[in-house]
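As a basis for the values below, the full set of heavy atoms in this structure was taken, side chains included, without hydrogen atoms, waters or symmetry mates.
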Amino acid sequence: PAPAAEATKVAPAAPKAAAGAKVVEAPLPGTITKVEVKVGQTVKAGDCVCLMEAMKMENSITTEYAGTVKAVNVEAGAQVQSGQVLVELD
């Protein structure tokens, strides 16, 4: 088997959310085209948090939670993987 050091050549893993955390994850791999929220902003369930291009289509990424934005982990132009945490809420 290949040495474990080979794994370090792969892009860093997506941040993992703590159990019970309210997060918005990328539903599929793509490119973030616009971030719609800022840290400290209050959001409602169903609000758009960012826009993402995937498979030549623009997708609106929404939150299923209401809360205050605690962290925004991406910026416009970022390449993201499925399941990557984009936004964290309190």
Side-chain angles (χ1 to χ4, degrees):
E6 292 295 318
T8 59
K9 293 179 183 177
V10 178
K16 295 294 179 193
K22 295 191 287 187
V23 297
V24 179
E25 297 178 345
L28 64 166
T31 303
I32 300 300
T33 57
K34 185 175 183 183
V35 178
E36 299 277 1
V37 295
K38 296 182 177 81
V39 173
Q41 183 175 335
T42 301
V43 295
K44 303 182 307 274
D47 282 356
C48 177
V49 296
C50 59
L51 298 175
M52 179 171 120
E53 182 182 304
M55 300 183 298
K56 306 281 185 197
M57 296 187 66
E58 189 167 74
N59 300 280
S60 177
I61 309 302
T62 59
T63 178
E64 56 188 82
Y65 307 104
T68 302
V69 177
K70 181 170 75 172
V72 177
N73 298 329
V74 293
E75 58 187 30
Q79 296 285 324
V80 297
Q81 298 301 315
S82 181
Q84 183 172 338
V85 176
L86 306 176
V87 177
E88 299 174 42
L89 304 173
D90 272 336

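No single ILVMFWY cluster, assembled from side-chain heavy atoms under 4.5 Å apart, contains both V23 and V37. V69 and V35 fall within the same hydrophobic cluster, defined by Ile, Leu, Val, Met, Phe, Trp and Tyr side-chain heavy atoms under 4.5 Å apart, directly or through other members. In this structure, L28 is a member of the same hydrophobic cluster as V74, with clusters built from ILVMFWY side-chain heavy atoms closer than 4.5 Å. By the criterion of side-chain heavy atoms lying less than 4.5 angstrom apart, applied directly or through intervening Ile, Leu, Val, Met, Phe, Trp or Tyr residues, Y65 is grouped together with I61 in one hydrophobic cluster.
Checked against side-chain contact (heavy atoms from CB on, under 4.5 Å), A66 has no partners two or more places apart in sequence or in another chain. For T31, the side chain to side chain donor-acceptor pair (under 3.5 Å) test picks out Q79, with sequence neighbours left out.
The shortest side-chain heavy-atom distance between N73 and V87 does not fall under the 4.5 Å cut-off. Looking at heavy atoms from C-beta onward, T63 lies in side-chain contact with L89 at the 4.5 angstrom threshold.
Across every non-hydrogen atom of D90 and K70, the tightest pair is OD1-CD, 3.0 Å.
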Check your understanding: So V85 and V24, side chain to side chain contact (heavy atoms under 4.5 Å, CB included) or not? Walk me through it.
Key -> CA-CA 6 Å; V85 176; V24 179; over 6 Å; no
Side-chain donor-acceptor pairs under 3.5 Å in residues 39-56, sequence neighbours left out?
residue: Q41; atom: OE1; partner: K38; partner atom: N; Å: 3.1
residue: D47; atom: OD2; partner: K44; partner atom: N; Å: 2.8

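The CD atom of E25 lies 9.5 Å from the CD atom of Q84; values are rounded to the nearest 0.5 Å.
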